[in-house]
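Okay, structure first, notes after.
Residue indices begin at 1 and follow the sequence shown.
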Amino acid sequence: MTELLHQHRQKISKSRSNFPRKNVRHANRDAQSGAIMTYLTQKNGQVSLKEAAEYFCYQANYFSRLYRKLFATDFVHLRHNIRINLAEDQLLLTNKKLEEIADELGYQDLSSFSKAFAESTGFSPGKYRKKYGIKTSR
C-alpha cells in the first residue's frame with residue numbers, strides 16, 4: 001500500500017512539470033506563470049520575493065509587477081495559498097504529524113500553522129484530516 005501511495009504521489013506531484021526552469025524572460029504568459037508556480041511549489045512556498053526574482057534574473061520591483069499581472073494577486077498571498085494547498089495534500093495523503101507538516105512548510109510552530117490553515121479552510125488541520133483524510137479500516 002505504501003509503495004502504491006508513493007507512486008500515486010509521484011504522478012500527481014505539483015512540483016514536477018515541463019515548464020522552463022529559469023529562462024522565462026521571453027516566454028509567453030502561460031510559460032512564465034507555470035515556471036514561477038513550479039519554482040514556488042518546489043520550495044514549499046518558502047522563498048522571498050527577492051529570492052524568486054533573483055532566480056528568474058529579474059529586479060525585485062519588476063518581478064513584483066510581473067507577478068501581479070500574471071496572477072492577479074500579490075506574492076505573499078499566492079505563496080500563502082501554495083503552502084495551504086501543500087498542507088491539504090499532506091493531510092489527505094500522509095500520516096505525518098501536524099508538527100512535521102508545519103515544519104516542512106516553514107511555519108514557526110504548530111499554532112501559527114493551525115491558525116493560518118483554519119483561516120484559509122475553515123477547519124483546523126486535525127479536523128480537516130479527520131473529515132477528508134485517508135480512512136483506515138479498523
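Separating the NZ atom in Lys96 from the CG atom in Leu91 is a distance of 10.5 Å, to the nearest 0.5 Å. To the nearest 0.5 Å, atom CG of residue Asn85 and atom CG of residue Leu105 are 10.5 Å apart. Rounding to the nearest 0.5 angstrom, the gap separating the NZ atom in Lys69 from the CD atom in Gln32 is 8.5 Å. Distance check, rounded to the nearest 0.5 Å: CD of Glu99 to CZ of Phe113 gives 10.0 Å. With rounding to the nearest 0.5 Å, the separation of OH in Tyr132 from CD in Glu88 is 9.5 Å. The distance from atom CD1 of Ile101 to atom CZ of Arg129, rounded to the nearest 0.5 Å, is 4.5 Å.
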Margin query: Please determine whether side-chain contact (heavy atoms from CB on, under 4.5 Å) holds for the pair Thr38 and Gln42, giving the CA-CA distance in whole Å, both sets of side-chain angles, and the decisive distance to 0.1 Å.
Written below: CA-CA 6 Å; Thr38 298; Gln42 287 173 339; 3.8 Å; yes
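Considering every non-hydrogen atom in both Phe56 and Ala35, the closest pair reads CZ-O, 3.6 Å. Summarising the geometry of Asn28 relative to Ala31, their closest heavy-atom pair is OD1-N, 2.7 Å, with the distance given to 0.1 Å. Heavy atoms only, all atoms of each residue included: Ser33 and Leu70 are closest at N-CD1, 4.1 Å. Heavy-atom minimum distance, Ile84 versus Ser120: CG1-OG, 3.7 Å. Heavy-atom minimum distance, Tyr39 versus Glu51: OH-O, 4.0 Å.
For Gln46 (side chain) and Arg83 (main-chain N/O), no donor-acceptor pair under 3.5 Å exists by modelled atom type. Side chain of Arg79 to backbone of Leu49: no donor-acceptor contact under 3.5 angstrom is found. The backbone N or O of Gly106 sits nowhere less than 3.5 Å from a side-chain atom of Asn44 that would complete a donor-acceptor pair.
At least one side-chain heavy atom of Phe75 sits under 4.5 Å from a side-chain heavy atom of Val47. Put simply, the side chain of Ser114 reaches to within 4.5 Å of the side chain of Pro125, judged on heavy atoms.
Classified by interplanar angle (parallel below 30°, tilted 30° to 60°, perpendicular above 60°), the ring pair Phe117/Tyr128 is perpendicular.
Within 6.0 Å of atom CD in Glu100, more than 12 heavy atoms from other residues, nucleotides or ligands are found, so the atom counts as buried in its surroundings.
No donor-acceptor contact under 3.5 angstrom links the side chains of Asn61 and Ser64, judged on distance only.
With Phe71 as the fixed residue, the side chain to side chain contact (heavy atoms under 4.5 Å, CB included) test singles out one of Leu78, Leu66, Asn81: Leu78.
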